[in-house]
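Everything on this sheet refers to the single structure shown next.
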Amino acid sequence: MQSAAYSVSSPCSIPSLKPRKFGSRAGFQPIRVSSSFAAPERHEHSVSLPNRSWRLSSSSSLPLRAWNLVPSDSKPDRFEVRATAAESAGEGEKSGSLVKTLELGLLFGLWYLFNIYFNIYNKQVLKVFHYPVTISAVQFAVGTIIVSLMWTFNLYKRPKVSGEQLVAIVPLALVHILGNLFTNMSLGKVAVSFTHTIKAMEPFFSVVLSAMFLGELPTLWVVGSLLPIVGGVVLASVTEASFNWPGFWSAMASNLANQSRNVLSKKLMVKKEESLDNITLFSIITIMSFILLAPVAIFVEGIKFTPAYMQSAGLNVKEVVVRSLLAALSFHAYQQVSYMILQRVSPVTHSVGNCVKRVVVIVSSVIFFKTPVSLINSLGTGIALAGVFLYSRVKRIKPKAKAA
């Protein structure tokens, strides 16, 4: 055996290895490697090689090549990798935010569209088929079928509801029935635009009922916003061409019922430890409403939604049935989408969106049905809707806490 000294050069600037006599405990001293990265500061890393015995055959003709510890195409520094990852995450967040915005815009569009279709088809049916209780029952029946299909195919999680919760939901279902029934009665008596002008007074009933049953006293800003709402509705009512008292009081009763449902819903959510989300609560109310209203419709109006009766009344069976089903689908869809929006935005934003929705419905119904509207009537409707918008804005102003 012949000992030999080898000098190894590399881009890493490794010092030459000094030969040592091979003994029973032969080995190399730790090698100090200087990095060749193009960085402002030079970093030195110490690499320790384990003690090993090396035997080199003198007859070996293999050429020796430079020992390059650092690949020539290596990245400048680890910080660049982190920066790139941060930039990618930022781009991902922007992309996700854009998708959410587009999704929310689509939901608002569907909310308004379903509302327009519901009011137009519903009005067309109620003009020729004067049985609002039966129409309301049909709408709840279609909603019950949709909810059942969603739960069956796991499109929405089937809820686990206790008996105590079901008992508490019964009053909600009753006022939900009344709200929808009175709306249909009003639509059958007066123009769609006038019904929704009266329904703009919902904030007034909300403030009164919240103060009476929840102890939520309104601020002066809220009270002030109610004045243009009431004044606008009065002005529009005086100049309404289709005005009649049954249609007016039906719309007012609808406001009272709908806001009573909201107040009762708040009390239910406060009392239950495991509260139900809005969509689940609405689904249960829909099914319960159908179960409660169907026998009432048969008892009060009889079985009228049949081809035989419609033909005897001289109605176009296909048109009445198709438009009734489309109105029912739109009725359930717009409320379902409304609750989906409420899960994504604040109640104030949802309230503003509801105000815009009412404007869209009024304008579209006036155009579709060619409803005669006077200048004073338009002014009253505009003042009422402006009051609703103002109410939605000032509602979030909290009263200043009194100093102790």
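Position 1 is the first residue of the sequence; numbering continues from there.
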Side chains of Thr286 and Thr144 only: does a donor on one sit below 3.5 Å from an acceptor on the other? no
Between the side chains of Ser242 and Glu240, does any donor sit under 3.5 Å from an acceptor? yes
Which heavy atom of Gln165 sits nearest a heavy atom of Lys160, and at what distance? OE1-O, 4.1 Å
Would you say Asn119 and Ser365 are linked by a side-chain donor-acceptor pair, where the criterion is simply a distance under 3.5 Å? no
Residues at least two apart in sequence or cross-chain that pass ring-ring contact (aromatic ring centres under 6.0 Å, His included) with Phe243, listed by chain then number, are Phe194, Trp245, Phe248
Verify the distance criterion only: is there a donor paired with an acceptor across the side chains of Gln139 and Asn180 at less than 3.5 Å? yes
Worked check of side chain to side chain contact (heavy atoms under 4.5 Å, CB included) between Val222 and Thr219: CA-CA 5 Å; Val222 170; Thr219 62; 3.4 Å; yes
Shortest non-hydrogen contact between Val147 and Ser283, atoms and distance: CG1-CB, 3.6 Å
With rounding to the nearest 0.5 Å, note down the distance linking NZ in Lys370 to CD1 in Ile367. 11.5 Å
Contact list for residues 344-378, test ring-ring contact (aromatic ring centres under 6.0 Å, His included), sequence neighbours left out: Trp111-His350
Using a 3.5 Å distance criterion without hydrogens, assess whether the side chain of His130 forms a donor-acceptor pair with backbone atoms of Leu126. yes
Point-to-point distance, once rounded to the nearest 0.5 Å, from CZ of Phe282 to CD of Gln336: 6.0 Å
Shortest non-hydrogen contact from Ile229 to Ala200? CG2-O, 3.5 Å
Taking only distance into account, with no hydrogens and no angle test, what donor-acceptor pairs under 3.5 Å do side-chain atoms of residues 206-217 form with protein atoms, sequence neighbours excluded?
unit_1: Ser210; atom_1: OG; unit_2: Ser206; atom_2: O; d: 2.8

Using ring-ring contact (aromatic ring centres under 6.0 Å, His included) as the criterion, list what pairs up with His176, not counting sequence neighbours. Phe140
More than 12 non-hydrogen atoms from neighbouring residues, nucleotides or ligands closer than 6.0 Å to NZ on Lys199, yes or no? yes
Examine the side chains of Ser351 and Asn354 and answer whether a donor and an acceptor come within less than 3.5 Å of each other. no
Can Ser193 and Thr371 be counted as having a side-chain donor-acceptor contact under 3.5 angstrom? no
Where the side chain of Asn377 meets the backbone of Ala236, is there a donor-acceptor pair that is under 3.5 Å apart? yes
Expected output: side-chain Ser186 to main-chain Phe182 donor-acceptor under 3.5 Å: no
Between the side chain of Ser254 and the main-chain N/O of Gly179, is any donor-acceptor distance below 3.5 Å? yes
Which atom pair, heavy atoms only, marks the closest approach of Met252 to Phe205? CE-CZ, 3.8 Å
Please identify which of these residues, Phe118, Tyr117, Phe114, meets the ring-ring contact (aromatic ring centres under 6.0 Å, His included) condition with Tyr334. Phe118
Return the minimal non-hydrogen interatomic distance between Val175 and Ser260, and the atom names on each side. CG1-CB, 4.3 Å
Where the side chain of Asn255 meets the backbone of Ile198, is there a donor-acceptor pair that is under 3.5 Å apart? yes
Could you pull out every donor-acceptor pair under 3.5 Å between side chains of residues 303-310 and any protein atom, sequence neighbours left out?
unit_1: Thr306; atom_1: OG1; unit_2: Tyr309; atom_2: N; d: 3.3
unit_1: Tyr309; atom_1: OH; unit_2: Tyr131; atom_2: OH; d: 2.5

Measuring from atom CZ of Phe331 to atom OG1 of Thr183, what distance do you get when rounded to the nearest 0.5 angstrom? 8.0 Å
Go through the steps to decide whether Val161 and Ile284 satisfy the test side chain to side chain contact (heavy atoms under 4.5 Å, CB included), and finish with yes or no. CA-CA 9 Å; Val161 186; Ile284 296 173; 3.4 Å; yes
Can you tell me how far CG of Asn122 sits from CG of Leu326, rounded to the nearest 0.5 angstrom? 11.5 Å
Taking salt bridge (charged side-chain N to carboxylate O under 4.0 Å, His left out) as the cut-off, I'd like each qualifying pair that reaches into residues 103-123, sequence neighbours left out, listed once. Glu103-Arg344
Just by distance, do the side chain of Tyr112 and the backbone of Gly353 share a donor-acceptor pair under 3.5 Å? yes
